[in-house]
Amino acid sequence: MTERFTGQFTQQEPIPDEAIEAAMRVLQHGRLHRYNTVGGETAEAALLEQEFAAYTGAKYCLAVASGGYALATALRAVGVSHGDTVLTNAFTLAPVPGAIASVGGVPVFVGVTEDLTIDLDDLEAKAPDAKVLMLSHMRGHICDMDRLMEICTAAGVTVIEDCAHTMGGAWNGVASGRHGAVACYSTQTYKHMNSGEGGLLITDDEDIAARAVLLSGSYMLYERHLAAPPKEAFERVRYETPNISGRMDNLRAAILRPQLRDIEAQIDRWNERYRALEDGLRDTGGLTVVERPGAERYVGSSFQFLLLDWAPGKIRDVLARTAARGVELKWFGADEPAAFTSRYDHWRYAPSDRMPASDRVLASIMDVRVPLTFSLDDCAQIARIIRAEVSAVHQKG
Ligand SMILES: *Cc1c(COP(=O)(O)O)cnc(C)c1O
């Protein structure tokens with residue numbers, strides 16, 4: 001009898017009780033808008049910013065409506081405007097080039113290696129023609145950040161980090177998001193903390209922080225922030241910074257604060273699951289496991305493997321066979337963008353030269369979500385099913 005997996009790849013854990021209670025308190029008092037406070041009250045949104053700044057070690061933090069909004073705000077806050085070239089990863093998700101397009105920037109894609117990180121040689125070649133790199137730590141794979149920062153510093157390129165998949169990650173002991181000038185996180189349901197929608201932005205630069213707060217729609221209430229720069233920083237930019245509302249509300253902040261307190265334990269749970277998948281898939285003929293460097297602290301909230309140089313028909317065969325056994329794989333090589341999965345050549349508003357070495361990698365990437373509702377046994381079973389079906393198709397030749 002062939003086993004079949006019956007879990008749901010998109011089912012997250014419930015919101016913790018403590019977060020539900022915090023949400024109820026906000027609903028009961030009704031002051032959901034972050035600047036709607038009474039007496040000496042401090043808004044949940046301001047407290048979340050203070051706590052997230054402390055967690056990452058950043059001086060300043062701003063909570064906003066989504067990860068994509070945080071990215072666009074970061075671009076505006078570092079001064080990207082119409083027609084500016086912004087480098088970004090060829091392997092990323094649609095909100096990243098979308099954020100660049102939203103401010104009138106021109107995305108220029110940098111290749112991806114078999115480690116699923118940005119191709120630093122390609123970056124070095126393209127950096128002299130750009131002022132900004134929006135670096136996406138896609139699926140949590142962190143490149144050699146020391147070399148990346150050397151390249152960007154030498155070329156005078158400002159780095160904005162998209163940490164949607166690396167909240168809690170690190171490179172050589174430095175938290176992901178603490179290398180570049182600004183970093184952005186998402187608290188959308190599939191990320192490491194869940195408020196449905198939401199985003200966070202961190203920086204140590206007081207001008208960037210002041211502009212970001214004003215951009216997000218603070219009106220002139222910025223003094224109610226706890227993780228914002230001093231008043232003088234706002235005074236320098238407040239007349240010239242447009243208000244492009246995208247604030248986070250107190251309800252979402254209330255739900256996130258207890259989750260932030262638990263995040264380290266959650267990371268351990270993700271990584272146990274990641275390792276169960278990795279152990280189960282190692283040494284499968286035709287399948288490449290992505291080795292994680294020792295300098296990287298990753299959060300295994302998703303798992304990738306490569307079917308390098310496989311004919312598309314055979315990959316589709318693997319997808320169909322695993323799906324029939326309840327295992328949902330996503331393929332970055334598909335001709336048409338599907339659900340969350342798309343490729344740089346699908347974003348036609350940002351035309352790019354082809355990058356054959358990257359195309360080979362992208363065509364091979366198989367992606368598995370790892371929600372914490374899966375047990376370790378579930379992960380071992382998923383790996384067995386993938387292994388069996390990949391092997392069967394591989395052996396057919
Ligand atoms: C989710 C995600 C974003 C944007 O987050 P939203 O909150 O959905 O706008 C950005 N980059 C990557 C890689 C993501 O996965």
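Counting starts at 1 for both ligands and their atoms, following the listed order.
Within ligand 1, counting atoms from 1 as listed, the ones closer than 4.0 Å to a heavy atom of V96 are 11 (N). The atoms of ligand 1 that sit less than 4.0 Å from any heavy atom of A164 are 2 (C), 3 (C), 10 (C), 11 (N), 12 (C), 14 (C), 15 (O). Shown in contact with H165 at under 4.0 Å from a heavy atom are these atoms of ligand 1, numbered in order with element: 13 (C), 14 (C), 15 (O). Atoms of ligand 1 lying under 4.0 Å from any heavy atom of L93, numbered from 1 in the order shown and given with element: 14 (C), 15 (O). Ligand 1 places these atoms under 4.0 Å from at least one heavy atom of P95: 3 (C), 4 (C), 10 (C).
Comparing Q188, E197, K191 against atom 2 (C) of ligand 1, the shortest heavy-atom distance belongs to K191.
Hydrophobic clustering (side-chain heavy atoms under 4.5 Å, transitive across Ile, Leu, Val, Met, Phe, Trp, Tyr) keeps V368 apart from L306. With hydrophobic clusters built from ILVMFWY side chains whose heavy atoms lie under 4.5 angstrom apart, I202 shares a cluster with L256. Residues L319 and L362 do not share a hydrophobic cluster, clusters being chains of Ile/Leu/Val/Met/Phe/Trp/Tyr side chains in contact below 4.5 Å.
Side chain to side chain, E264 and Y55 meet the donor-acceptor criterion of an N or O pair below 3.5 Å. A donor-acceptor contact closer than 3.5 angstrom is absent between the side chains of S352 and R354.
In this structure, F374 has its ring center under 6.0 Å from that of F9. A centroid separation of less than 6.0 Å is found between the aromatic rings of Y185 and F52.
An N or O contact shorter than 3.5 Å links G68 to ligand 1 by distance. Here's the thing with G67: one of its N/O atoms is less than 3.5 angstrom from an N/O atom of ligand 1. For the pair S186 and ligand 1, the shortest N or O to N or O distance falls below 3.5 Å. On a distance-only criterion, T92 and ligand 1 share no N/O pair closer than 3.5 Å.
Because its NZ or CZ atom is both nearer than 6.0 Å to the ring centre of Y190 and within 45° of the ring axis, R369 counts as a cation-pi partner of that residue.
Counting only heavy atoms of the protein, atom 13 (C) of ligand 1 lies nearest to D162 OD2, 3.3 Å.
Residue-level proximity to ligand 1 for T187 is absent, since no heavy atom of it falls below 4.0 angstrom.
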